[in-house]
Amino acid sequence: MAEESLQPIRGMSDLAAPEICLWHALEQTARDIMSAYAFQEVRTPLVEQTAVFTRSLGDTTDIVQKEMYRVLDRGGRELTLRPEGTAGVMRHVSGLGQDGADARLYYLGPMFRAERPAAGRRRQFHQLGAEAIGPATAMADAEMIALQAHVLEAWGIKDFVVHLNTRGAPDDFSRVTEALRAALAGQRHTLCADCQRRYNENPLRILDCKVEQCAEQVAALPPITEWMGAPANAYVDEVLAWLERLNIPAVKNPRLVRGLDYYQHTVWEVTHSGLGAQDALSGGGRYALNMAGRPVEGVGFAIGLERVIAVLKAQGLVPESMMPRPDVFVVSHGDRAAEENLVLMQSLRLRGIAALMDVRGRSVKAQMRAANRSRSRFVIIRGDTELAAGTFQFKDMDAGSQAELDMPALMNRLLPGPAHAVANQAGDE
RNA sequence: GUGGGUGUAGCUCAGUUGGUUAGAGCGUCAGGUUGUGGUCCUGAAUGUCGCGGGUUCGAGUCCCGUCACUCACCCCA
């Protein structure tokens, strides 16, 4: 066998410049908006006891059945790399007791699912999620959808669509399940293999099957809300009313049910036409379940960062344009000058000026090339001549102009510098 | 998990019906007189042709396997 191929494992990859600059920008925007909605960040462990996920997501879900990275630790305990963020947050909240009754929390980080990678789907991917813990009210649900739309818009995502549905109250659930089985009983054998299995295990999931023959039969069914009681219907309508009041466009999609068992009442998904096969940008819903003996109710969503970035790139955004520019590159000629320039560079950095220099003792020409490649805004050249005269050559790399300055004049050019270097960044080509 | 496509220098790729020292563009580095970038000119370096096996006098080129990437299905973010 090959000695060792230390490459990243399938579906996981490094995230570095220039792409990382885009991530920083998105993260900063998201944190600001979360603060505006009074959400606090929570960082739960990347690994939890397997039961945290199996109990909350549901045993029959695809995530639990075939997509979790499960490992045994030294004590033989069953652990799992988190496939989503909600379960860990609920576990956290259940430990807070009364203090967790109205928690407003968000998270941002990697999730793991052992799937076959494809466009918009990785084994390690990243989600921004938010959870509002508290009693079920339509206003709380609408607020979350508004928050989510706010984030997507602030990131510059255009033309996303919010699909909304209800899974009904808990006591509607069995009624809908039975009604579905009854409605499909006759044509059961014409459904796809997966749906025949779902017919027994979880008939709701048949509703969002993409196989054509199933979709046709589903289209002929009445909307599931007809089998639900009046309270459940009143609840969704109220959510829709609040959204309208907030000017958040949303379309009702009676086939949307989502794949996780903990949802009840409002569920939604945001799609974008520019994504291809995996067109879901984010999803969320209201849930209720028992975590460690404590009931936890809440509403939340998760946005797939990789997919957001795919849309932004499709919209023409280039990560390279977001790379920060160094303010100044220091060029030396002669050992004495190099020594003094190292000290100069350090003092510039202490004042917040982004500075760098060549540390290999290369020719002035090579240093200038390096300065150009680094996209530095300015170059300071100080050799033996300048050292003797107590001056600096100060070159504007964009304009190509150069002037000889003394120390006060140099500082004068550089200290207000970051401001106009930033202003310049937007306009460079 | 199932199916399709791909895998040749840092990057994007070419490589004719298997034939002798494997190429281009971009990038990198160095020069174009002795202290100056981005344009131009000249030159240089870099490949276990994904990995393993097989067929053959001979394989980047054919066959098998394997790994990875990629796309679709499934499901989801």
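All chains are named by letter (A, B, ...) in the order of the sequence lines, taking the proteins before the strands, and each is independently numbered beginning at 1.
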*Quick one: label G11(A) by what it contacts on the DNA or RNA (base, sugar-phosphate, nothing), any heavy atom closer than 4.0 Å.*
sugar-phosphate
RNA chain B in dot-bracket form (Watson-Crick or G-U pairs under 3.5 Å, [ ] crossing, | inter-strand) is (((((((..((((.....[...)))).(((((.......))))).....(((((..]....))))))))))))....
Under 3.5 Å, N/O pairs linking protein and nucleotides 1-3 of chain B:
unit_1	atom_1	unit_2	atom_2	d
rU2(B)	O4	R116(A)	NH1	2.7
rG3(B)	O6	R116(A)	NH2	3.2

At a cut-off of 3.5 Å, list every protein nitrogen or oxygen paired with a nitrogen or oxygen from nucleotides 9-11 of chain B, distance to 0.1 Å.
none

Across all chains, not counting sequence neighbours, the salt bridge (charged side-chain N to carboxylate O under 4.0 Å, His left out) partners of K252(A) are D237(A)
Practice problem: Would you tell me whether E386(A) and T391(A) have side-chain atoms, one donor and one acceptor, within less than 3.5 Å of each other? | Solution: no
To the nearest angstrom, the NZ-C1' distance between K66(A) and rC73(B) comes to 10 Å
Across all chains, not counting sequence neighbours, the salt bridge (charged side-chain N to carboxylate O under 4.0 Å, His left out) partners of R205(A) are none
Answer with yes or no whether the side chains of S401(A) and D396(A) bring together a donor and an acceptor at under 3.5 Å. no
Residues of residues 122-134 of chain A with a heavy atom under 4.0 Å from any atom of RNA chain B, listed by number, are R122(A), F125(A), Q127(A)
| In whole Å, what separates the P atom of rU28(B) from that of rC69(B)? | 29 Å
query: Quick one: does E131(A)'s side chain have a donor or acceptor within less than 3.5 Å of a partner on M90(A)'s backbone?
result: no
Filtered N/O pairs between nucleotides 28-32 of chain B and protein, under 3.5 Å:
unit_1	atom_1	unit_2	atom_2	d
rC29(B)	OP1	R373(A)	NH2	2.7
rA30(B)	OP2	R369(A)	NH2	3.3

### Query
Considering only heavy atoms and no angle criterion, is a donor-acceptor pair shorter than 3.5 Å present between the side chain of N372(A) and the base of rG38(B)?
no
From CG of D396(A) across to C1' of rG38(B) the rounded distance in Å is 13 Å
Quick check on the 6.0 Å ring-centre criterion: do F394(A) and F378(A) meet it? yes
### Task
For rC29(B) versus rG65(B), give the span between their C1' atoms, rounded off to a whole number of Å.
42 Å
Sorted by chain and number, sequence neighbours left out, salt bridge (charged side-chain N to carboxylate O under 4.0 Å, His left out) with R286(A) holds for D141(A)
- Sugar-phosphate, base or nothing in reach of G400(A), heavy atoms under 4.0 Å: base
**Request:** For nucleotides rU39(B) and rA22(B), find the distance between their C1' atoms and express it as a whole number of Å.
**Result:** 33 Å
* For rU8(B) versus rA14(B), give the span between their P atoms, rounded off to a whole number of Å. => 10 Å
Strictly by modelled atom types, are T190(A) and Q217(A) linked by a side-chain donor-acceptor pair under 3.5 Å?
-> yes
| said: Say we look at rG25(B) and rG18(B): how far apart would their P atoms be, to the nearest angstrom? | reply: 28 Å
Q) Side-chain donor-acceptor pair under 3.5 Å between Q148(A) and W268(A), yes or no? A) yes
Residues at least two apart in sequence or cross-chain that pass salt bridge (charged side-chain N to carboxylate O under 4.0 Å, His left out) with R255(A), listed by chain then number, are none
- Task: Tell me whether the centres of the aromatic rings in H272(A) and F160(A) are closer together than 6.0 Å.
- Result: no
Notebook entry, point to check: Ignoring hydrogens and angles, are the base of rU36(B) and the side chain of Q402(A) linked by a donor-acceptor pair under 3.5 Å?
Noted result: yes
Have R122(A) and S13(A) got a donor and an acceptor in their side chains that come within less than 3.5 Å?
yes
Check your understanding: Under 4.0 angstrom, heavy atoms only, what part of the nucleic acid is L305(A) near: base, sugar-phosphate, or nothing?
Key -> nothing
By nearest-nucleotide position on RNA chain B, the 5'-leaning member of G283(A) and M368(A) is M368(A)
Determine the contact category for R205(A): base if any of its heavy atoms lies under 4.0 Å from a base atom, sugar-phosphate if only primed atoms, P, OP1 or OP2 are that close, otherwise nothing. sugar-phosphate
Q.
For a quick check of understanding: with a heavy-atom distance under 4.0 Å over all strands, which category does A371(A) fall into, base, sugar-phosphate or nothing?
A. nothing
Rounded to whole Å, CE of M357(A) lies from C1' of rU36(B) at a distance of 16 Å
Distance between the P atoms of rU16(B) and rG50(B), in whole angstroms?
14 Å
Those residues at least two apart in sequence (or on a different chain) that pass side-chain contact (heavy atoms from CB on, under 4.5 Å) with A118(A) are R121(A), Q278(A)
E339(A) meets the side-chain contact (heavy atoms from CB on, under 4.5 Å) criterion, sequence neighbours left out, with none
To the nearest angstrom, the CG-P distance between D279(A) and rC74(B) comes to 12 Å
Euclidean distance for P, rC49(B) against rA44(B) (whole angstrom) | 24 Å
Rounded to whole Å, NE2 of H333(A) lies from P of rU34(B) at a distance of 10 Å
Quick note, ring pair (Phe, Tyr, Trp, His ring centres under 6.0 Å) partners involving residues 24-70 of chain A, not counting sequence neighbours, are Y37(A)-H150(A)
From CD1 of I63(A) across to P of rA77(B) the rounded distance in Å is 6 Å
*asked:* Tell me whether the side-chain N/O atoms of R10(A) come closer than 4.0 Å to OP1 or OP2 in rC67(B).
replied: no
Atom C1', compared across rG53(B) and rG47(B): separation rounded to whole Å: 23 Å
